[in-house]
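First the structure, in the form of C-alpha cells, and then the observations on it.
As the structure lists them, so they are numbered: ligands from 1, and atoms in each ligand from 1. When reading the values below, keep in mind they use all heavy atoms of this one structure, side chains included, and skip hydrogens, waters and symmetry mates. Please read all numbers here as calculations on a predicted model, not as lab measurements.
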Amino acid sequence: MNGSSPPDPLGLELTAEIDDQWSNIQQVIEGLREVSKPEPDEPLDQRANDYDRASLRSLATPTVTPQPLMQVIQEAYYIFNYRMRTNHPHFFSFIPSNSTDLSWLGDMIVSAFNAHLGGTVASAGPCAVETALVEWLAAKVGFGPTKINPTKAGGLFVSGGSVANLIAFIVARDQKLRVHDRTRGVIYVGDQAHYSLRKAARIVGFGADQIHCVQSNSQFQMDPEDLQRQVEIDRQYGRVPFLIVASFGCTETGAVDPIETLARIAREQGAWLHVDGAYGASAALASENSAEAKKMGVADSVSWDAHKWLMQTYGCGMILVRDKSTLTSSFYVKGDNVVDRAGRVRDTAEFWDLGIELTRPARAISFWFTLRVLGEERIGRMIDQGIELTQAFQSLIEQRRNWEIVAPASLAIINFRYNPGHRSEEQLATLNELISKELLAGNMAALMTTRLRGKLALRICCINTRLTGEDMVVLMERMDRIATEMDQMQRASWKSIEQVGESDYR
Ligand SMILES: *Cc1c(COP(=O)(O)O)cnc(C)c1O
C-alpha cells in the first residue's frame with residue numbers, strides 16, 4: 001500500500017456495493033409490498049418456542065466479516081415471521097394495525113430524506129407542513145380559533161398515545177398546580193381508561209393515592225356524578241383537583257365519555273381537561289360519524305394516534321392543545337425570549353420547544369403522504385366503514401340465538417359473548433375463552449377476551465380497511481359453530497364429573 005495516498009472513504013465503497021446489487025434491491029421492494037398486507041391464510045400469531053428463540057438470538061449481532069446483503073434480507077424475513085400480524089384483516093384484538101401501501105411508501109420517502117425535524121433551522125419545509133397539518137387536525141377536533149378562544153391551537157407529532165398522554169400531564173401540572181401544591185394535587189381517571197394514563201401520572205411524579213378512579217355507568221362511560229362527588233370530598237380534605245382525564249373511545253369498549261359535562265366540572269374546579277382520543281379521535285375525520293368528535297374542542301388537550309385508525313405504521317401519534325403557548329411554557333428551556341411581554345408565543349417556537357424530543361423524524365410527513373394521496377372524502381369513508389361494519393356485526397349477533405351483547409357497538413368496537421343460559425359466570429367465562437382460543441388455533445380470527453363488570457366478553461375492533469361485510473358474516477358463522485361444539489364438549493365433561501360423584505369434589 002502506498003502510504004502517501006489516503007484510502008477511499010468506506011461510505012463510497014458501500015455505495016458502490018449497493019449500486020452493483022440495485023436490481024436485486026428493487027425486487028426486495030416488490031416483496032415488501034406483500035409482507036405489508038398479510039393474506040387471510042397467513043398466520044395471525046406466530047409464536048417462538050425455545051428453539052426458535054435460540055436461533056433468533058444467534059442472528060442478533062454482526063459477524064466479524066460481512067454477510068451478503070440478500071442473505072441478511074432473508075434473515076429479516078425470518079425474524080419478522082415471529083409476530084402477531086396485527087395488520088391481518090382477521091386480526092381484531094387490541095387496536096389492530098391498519099397500515100396500507102401508502103403508509104410504508106410514505107415511510108420510505110421520509111426515511112430516505114432523513115430530515116431533522118427538531119426545528120425549522122434544520123428542515124424548513126417539513127416543519128412548515130407539520131405545523132400547518134397539526135393546525136388542521138386541531139381544528140378537526142374543535143380547537144379552531146373562535147371568539148372565546150382566539151389563541152391559536154397547536155401541538156406536535158410524537159411516537160404514540162402514551163407519550164402524548166405524558167406530555168398532556170406535564171402541561172396540566174405546570175398550568176394548574178402550584179409547585180408547593182404538588183403533593184396535594186389529584187388526577188381523576190375513569191375506571192375504563194387506558195393504563196398509559198396511570199403510567200403518565202407516575203412518571204410525572206404523582207403517587208398512587210393522587211390518582212382517583214371515577215366509576216363508569218352502564219354504558220361504560222365516566223359517570224360525572226361520581227366525579228363531582230369525589231371532587232367535593234377531595235376539596236374538603238384540602239386536596240387540589242387539577243386534572244380530569246376523559247376518554248374518547250375507550251380501548252376495551254369504544255365508549256365515549258360525556259366530555260361537555262366533564263368540561264363544565266373542570267372549569268368550575270379550575271382543572272385541566274385532557275381527552276385521551278388515542279384510539280377514537282380519528283372519528284373526527286369520518287364523513288358521516290364525526291359530530292361527536294368535534295365536541296372534543298371543549299377540552300384543553302387531546303391525544304390522538306395515527307398508527308391506529310389512520311393507517312400509519314407504528315410510531316405516529318399527536319398531542320394537540322387548545323393553546324400552543326401551554327406547550328412552550330412547559331418545554332422551552334433555553335431562555336424566555338420565546339414568549340413576548342404580552343405572554344404571546346412568538347412564531348419562533350420550534351418543535352424542540354414544544355415537547356420532549358430534540359432530534360425527531362418527519363412522522364408528520366409519512367402521514368401527510370397518506371392524507372394527500374387519499375383525499376379527505378375517501379379517508380372519511382374509510383373511517384365510516386369501520387363503524388358501519390361493527391354496527392352490522394351487532395345486528396348479526398342480535399339475530400342469533402344464545403348470543404348476547406355485553407357492550408354495544410361504539411366507534412368500531414363491540415363486546416359480546418355466547419350465553420346459552422343456565423350457566424354460572426365461571427362456566428360462561430371458560431366457554432367464551434375456549435371460543436377465542438379455537439378461533440385463533442384455526443387461524444380464523446384473533447379476538448381478545450376482556451372482563452367487563454365481571455362478565456368475560458369477546459371483543460372485536462373492526463378498523464382494518466381490507467375487512468369486508470362478507471368476512472363478518474363468515475366470522476359469525478364460525479363463531480356460532482365453534483360455540484355449539486365447545487358447549488357440547490363442556491356439557492359432556494360436566495356429565496362425566498357428575499358420574500364420578502359429587503363427594504369427590506367437595
Ligand atoms: C393505544 C392507546 C393508548 C396508548 O397509545 P400508544 O400509541 O400505544 O402509546 C392510550 N390510550 C388509548 C385509549 C389507547 O387506545
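A heavy-atom separation below 4.0 Å is found between Ser196 and ligand 1.
For the pair Asp384 and Arg381, the salt-bridge criterion is not met [side-chain N within less than 4.0 Å of a carboxylate O]. Using a 4.0 Å cut-off between charged side-chain N and carboxylate O, Arg417 and Glu425 make a salt bridge.
Shortest contact from atom 13 (C) of ligand 1 to any protein heavy atom: Thr251 OG1, 3.2 Å. Distance from atom 6 (P) of ligand 1 to its nearest protein heavy atom, with residue and atom name: Gly161 N, 3.4 Å. Closest to atom 2 (C) of ligand 1, if we only count protein heavy atoms, is Lys308 NZ, 2.3 Å. Scanning the protein heavy atoms around atom 11 (N) of ligand 1, the nearest turns out to be Asp276 OD2, 2.6 Å.
Residues Ser301 and Trp272 bring a donor and an acceptor atom of their side chains to less than 3.5 Å of each other. Side-chain contact, Glu357 with Ser159: no donor N or O sits under 3.5 Å from an acceptor N or O. Checked by atom type, the side-chain pair Arg453/Ser216 shows a donor-acceptor distance below 3.5 Å.
Aromatic ring orientation, His90 versus His88: tilted (interplanar angle from 30° to 60°). Aromatic ring pairs are classed by plane angle as parallel below 30°, tilted from 30° to 60° and perpendicular above 60°; the pair Phe393 and Phe416 is perpendicular.
Annotation for ligand 1: atoms under 4.0 Å from non-hydrogen atoms of His307 are 7 (O). The contact set between ligand 1 and Ala278, taken as ligand atoms under 4.0 Å from a residue heavy atom, comprises 2 (C), 3 (C), 10 (C), 11 (N), 12 (C), 14 (C).
Taking distance alone, with nitrogen or oxygen atoms compared against 3.5 Å, Ser159 stays at or beyond that limit from ligand 1.
Within the 4.0 Å heavy-atom criterion, both parts of Ser162, backbone and side chain, lie near ligand 1.
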